[in-house]
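Below you'll find the structure, written out as structure tokens, and then a few comments.
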Amino acid sequence: MTMRIAIVNNEEEIARLAADRVCEVYRDKPNFVLGLATGSSPIPLYDELVRRYEAGEISFAQVQSFNLDEYVGLPKDHFEGYANFIRRHLVGRVDMAEGAAHGPDGWCEDLDEGARLYDQAIKDAGGIDIQVLGIGSDGHIGFNEPGGSLSSRTHVGVLTEQTRRDNARFFDGDIDQVPTHCVTQGIGTIMDSRAHVFIATGKGKAQAVKEMIEGGVSQRWPATALQYHNDVLVIIDEDAASLLELKDFYKEVWAKENA
Ligand SMILES: N[C@@H]1[C@@H](O)[C@H](O)[C@@H](COP(=O)(O)O)O[C@@H]1O
């Protein structure tokens with residue numbers, strides 16, 4: 001396996017392909033460990049997983065989940081907190097056991113120690129089997145902003161102004177309400193996941209996607225580290241794919257490999 005690239009036409013296809021990949025992992029290992037991302041990109045996937053759960057095609061009864069990241073500085077019950085987001089969109093809608101959903105701790109007194117314990121908890125669960133990923137317009141995955149180490153573990157980070165501007169839409173359009181800090185799985189933590197399903201849509205992601213797939217590996221575009229991972233399913237729409245130099249070739253490869 002390698003980085004496989006699917007360029008698709010609509011949200012239904014994104015949801016179907018991404019959910020098929022998660023279900024594949026589930027069939028091999030019903031007690032798989034699932035990494036979860038926030039953002040609008042994975043919502044169609046989460047809706048489709050809930051639909052398949054309701055149809056009896058997948059169960060999360062033995063699943064543990066680990067979120068990618070969390071804001072620092074929001075009240076714990078804030079609607080836009082990432083643990084709350086994940087609960088609303090997936091975890092609270094399926095049959096996951098009490099205490100099986102985990103997220104980085106953005107509230108503890110010693111955030112560095114909390115981050116270390118989070119990496120340990122992932123390890124204790126046996127490692128993440130499949131991680132859902134989106135991308136920020138500045139190339140971040142999780143909240144690993146440009147300039148960070150490509151082998152970092154879970155850590156406290158500072159958000160770029162661009163990320164805070166992008167996310168202001170969830171905070172009454174007011175950048176000042178967007179936290180300045182986060183706790184995020186590091187790139188090293190993310191790279192340890194056995195597989196990834198990556199989703200990006202829209203023109204706003206086109207440059208980050210181009211760098212991720214075709215750029216040189218660099219901390220300027222943290223998602224480029226994924227070029228070193230051997231099991232990444234990239235699912236993007238035409239807009240997100242629009243700057244790819246070899247777009248037609250990727251389509252040809254996908255068509256031949258999935259004929
Ligand atoms: N920390 C999250 C990322 O994990 C996510 O990938 C990104 C993209 O979000 P969206 O899918 O809404 O564009 O948003 C946030 O910054």
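All values reported here derive from a predicted model rather than from experimental measurement. One-based numbering, in listed order, for ligands and for the atoms of each.
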Practice task
Determine, step by step, whether Gln185 and Thr154 satisfy the side-chain hydrogen bond (donor to acceptor under 3.5 Å, both in side chains) criterion, reporting the C-alpha distance in whole Å, the side-chain angles of both residues, the deciding distance to 0.1 Å, and the verdict.
Solution key: CA-CA 4 Å; Gln185 282 188 33; Thr154 299; 5.9 Å; no
Exercise for the section: Check whether any N or O atom of Thr163, backbone or side chain, sits under 3.5 Å from an N or O atom of ligand 1, and answer yes or no. Expected result: no
Practice task
Consider ligand 1: state whether an atom of it lies below 4.0 angstrom from any non-hydrogen atom of Arg169.
Solution key: yes
Exercise for the section: Without swapping roles, check the side chain of Asp237 against the backbone of Val8 for a donor-acceptor pair under 3.5 Å. Expected result: no
Problem - For atom 16 (O) of ligand 1, the protein heavy atom that lies nearest, with its residue and separation - result: His140 NE2, 2.9 Å
Fill in the blank from the handout: Between Leu34 and the options Val91, Ile128, Asp129, Leu90, the side chain to side chain contact (heavy atoms under 4.5 Å, CB included) test singles out Leu90
Exercise for the section: Number the atoms of ligand 1 from 1 as they appear, then name those within less than 4.0 Å of a heavy atom of Gly134, with their elements. Expected result: 6 (O)
Fill in the blank from the handout: Smallest heavy-atom separation, Leu246 atom then Glu214 atom, equals N-OE2, 3.0 Å
Practice task
For atom 1 (N) of ligand 1, grab the closest protein heavy atom and report residue, atom and distance to one decimal in Å.
Solution key: Asp69 OD2, 2.7 Å
Handout entry: Sub-4.5 Å side-chain heavy-atom contact between Val50 and Tyr46
Key = no
Exercise for the section: Consider only side-chain heavy atoms of I, L, V, M, F, W and Y, link residues closer than 4.5 Å, and tell whether Tyr228 and Ile5 are in one cluster. Expected result: yes
Exercise for the section: For Gly142 and ligand 1, answer yes if some heavy atom of the residue is under 4.0 Å from a ligand atom, otherwise no. Expected result: yes
Problem - Exceeds 12 heavy-atom contacts within 6.0 angstrom, atom CD of Glu11 - result: no
Exercise for the section: Any atoms of ligand 1 less than 4.0 Å from a non-hydrogen atom of Lys205? List them with their elements. Expected result: 8 (C), 10 (P), 11 (O), 13 (O)
Problem - Part of Ile135 within contact of ligand 1 (heavy atoms, under 4.0 Å) - result: backbone
Handout entry: Ion pair check, Asp239 and Lys205, cut-off under 4.0 Å
Key = no
Practice task
If you have a sec, work out which protein heavy atom is nearest atom 15 (C) of ligand 1 and how many Å separate them, to one decimal?
Solution key: Tyr82 OH, 3.5 Å
Practice task
Please could you name the atoms of ligand 1 that Ser41 approaches to less than 4.0 Å, counting only its heavy atoms?
Solution key: 10 (P), 11 (O), 13 (O)
Exercise for the section: Report the residues that fulfil side-chain contact (heavy atoms from CB on, under 4.5 Å) with Trp254, sequence neighbours left out, ordered by chain and then residue number. Expected result: Arg4, Ala6, Leu17, Leu233, Asn258
Problem - Sub-4.0 Å atoms of ligand 1 with respect to non-hydrogen atoms of Gly39 - result: 9 (O), 10 (P), 11 (O), 12 (O)
Problem - N/O separation below 3.5 Å, Thr38 to ligand 1 - result: no
Exercise for the section: Please state which part of Glu70 comes within less than 4.0 Å of ligand 1, counting heavy atoms only: side chain, backbone, both or neither. Expected result: neither
Exercise for the section: Examine the proximity of ligand 1 to Ser40 and report which part, side chain or backbone, both or neither, has a heavy atom under 4.0 Å away. Expected result: both
